[in-house]
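One is the number of the first residue; the rest follow in order along the sequence. In what follows, every heavy atom counts, from backbone to side chain, and hydrogens, waters and symmetry copies are set aside.
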Amino acid sequence: MSLKPTNSDDAAGVAGARRTLWAVSDLHAAVKANADAIDAIHPRNPGDWLIVAGDVAERTAVVVDVLKTLRQRFARVLWVPGNHELFCRATDVDKGRAKYDALVQACRDIDVLTPEDPYPVFGGVTIALLFTLYDYSFRPQGYSIENAVQAAHDRQVMMTDEFAIAPFVDIRAWCWDRLAYSIKRLSKVEGPTILINHWPLVIEPVQKMAYPELGLWCGSRHTRGWATRYNAQCVIYGHLHMPGTVVVDGVKHHEVSLGYPREWQSNLEGRQWPFPVMEVGDA
């Protein structure tokens with residue numbers, strides 16, 4: 001299939017059929033047992049779009065291979081990075097911000113949209129692709145960042161981010177840069193939106209985690225009001241491997257993760273995945 005850009009909301013589809021905006025996250029393609037679930041991601045209509053909300057894999061080559069395959073199936077693929085795409089080793093050529101830049105360019109080469117591209121519009125709704133990272137602000141009240149991280153370390157409850165992302169970049173500064181960049185772009189959008197981010201924009205789903213210490217690496221309190229401020233019909237996120245929906249200030253926040261086999265072998269049953277975010281067109 002030729003990977004030609006689709007610059008219109010009216011991407012080619014079956015005449016008269018409804019087009020669907022689907023969403024997935026946390027494919028973790030390096031896990032062999034996830035291959036069948038990834039292979040099963042197909043459109044219902046050639047005009048369908050697919051959101052991939054982060055954590056495709058750690059290695060850039062694997063990320064690109066998966067996204068390229070999905071792009072060959074869907075009229076448009078929209079990707080936002082997760083923490084796993086940003087994992088680095090000291091021997092890597094691209095680390096920290098440079099790795100993200102390389103991922104963005106690789107996605108552009110295969111016609112996959114990123115948070116650095118103009119926001120696309122699906123059915124009159126602006127699909128805002130975000131990349132906000134985390135700033136340790138989802139921490140217990142009264143704790144400094146250093147004390148909160150140390151407490152997590154003492155309990156041996158830490159995310160790999162602390163060893164595979166943080167050593168290569170000032171993560172809080174990068175997060176704040178991303179917050180400012182996103183606010184500037186979102187403030188120019190008129191009409192309804194759907195906000196897409198790997199990390200949850202609100203703390204409520206994080207508070208349901210079995211190990212609250214992990215919240216340090218799960219987002220930023222500074223995104224809390226974005227859904228209402230920017231007229232979101234819903235929010236799509238991943239990261240927690242706890243698929244489901246929470247409603248905050250009247251807005252639905254949907255986690256659409258696959259996760260690891262021990263997780264999806266139980267939680268895929270009884271839910272529709274990929275997740276249908278919205279439909280347009282005539283039946």
* Asked: Residues two or more places apart in sequence or in another chain: which of them pass side-chain hydrogen bond (donor to acceptor under 3.5 Å, both in side chains) with Q207?
  ->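 In terms of side-chain hydrogen bond (donor to acceptor under 3.5 Å, both in side chains), with neighbours along the sequence ignored, Q207 is linked to no residue.
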
* Contacts of S220 that satisfy side-chain hydrogen bond (donor to acceptor under 3.5 Å, both in side chains) - sequence neighbours left out ->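 Counting only residues at least two positions away or on another chain, S220 forms a side-chain hydrogen bond (donor to acceptor under 3.5 Å, both in side chains) with D135.
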
* Asked: Under 4.0 Å between a Lys/Arg side-chain N and an Asp/Glu carboxylate O for D117 and R108?
  ->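 A salt bridge is present here (some side-chain N lies under 4.0 Å from a carboxylate O).
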
* Asked: Take atom CZ in R229; do more than 12 heavy atoms of anything else shown fall under 6.0 Å from it?
  ->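 More than 12 heavy atoms, drawn from other residues, nucleotides or ligands, come within 6.0 Å of this atom.
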
Could you list the residues that satisfy side chain to side chain contact (heavy atoms under 4.5 Å, CB included) with [X], not counting sequence neighbours?
X	answer
A106	V64
D65	none
D177	R97

* Using links of under 4.5 Å between side-chain heavy atoms of ILVMFWY residues, direct or through other members, which residues join I183 in one cluster? ->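 When side chains under 4.5 Å apart are linked, the cluster holding I183 also contains Y119, L130, W176, L179, L186, V189, L195, L201, W226, Y230, V235, V251.
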
* Asked: Which other residues belong to the hydrophobic cluster containing V93, where Ile, Leu, Val, Met, Phe, Trp and Tyr are joined when side-chain heavy atoms lie under 4.5 Å apart, directly or via other members?
  ->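 Members other than V93 - counting any ILVMFWY side chain reachable under 4.5 Å - there are none.
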
* What pairs of residues pass the salt bridge (Lys or Arg N to Asp or Glu O under 4.0 Å) test when at least one of them lies in residues 188-206, not counting sequence neighbours? ->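 Qualifying pairs: E204-R224.
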
* **Partners passing ring-ring contact (aromatic ring centres under 6.0 Å, His included) against W273 (at least two apart in sequence or in another chain)** =>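 W273 satisfies ring-ring contact (aromatic ring centres under 6.0 Å, His included) with no residue once adjacent residues are dropped.
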
* **Distance, nearest 0.5 Å, that separates CZ of F74 from OG1 of T20** =>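 Reported to 0.5 Å precision, the distance equals 9.5 Å.
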
* Asked: According to the interplanar angle, ranging from 0 to 90°, do the rings of H254 and F275 count as parallel (below 30°), tilted (30 to 60°) or perpendicular (above 60°)?
  ->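 Tilted, since the angle between the ring planes falls between 30° and 60°.
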
* Where does the angle between the aromatic ring planes of W199 and Y134 fall among parallel (under 30°), tilted (30 to 60°) and perpendicular (over 60°)? ->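 Rings of W199 and Y134: tilted, 30 to 60°.
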
* Output every pair passing ring pair (Phe, Tyr, Trp, His ring centres under 6.0 Å) with a member in residues 137-161, not counting sequence neighbours, ordered by first then second residue. =>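 Pairs touching residues 137-161 that pass the test: none.
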
* Asked: Can you list every ring pair (Phe, Tyr, Trp, His ring centres under 6.0 Å) pair that touches residues 20-44, not counting sequence neighbours?
  ->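 For residues 20-44: H28-H84, H28-H241, H28-Y260.
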
* To do: Taking salt bridge (Lys or Arg N to Asp or Glu O under 4.0 Å) as the test, write out the residues that go with D92, two or more places apart.
  =>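 Residues passing salt bridge (Lys or Arg N to Asp or Glu O under 4.0 Å) with D92: R89.
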
* Take Q150 and D154, measure what side-chain hydrogen bond (donor to acceptor under 3.5 Å, both in side chains) needs, and give me the verdict at the end. => CA-CA 6 Å; Q150 184 62 50; D154 292 343; 2.8 Å; yes

* Going only through I, L, V, M, F, W and Y residues with side-chain contacts under 4.5 Å, is there a path from I41 to V31? ->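 No.
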
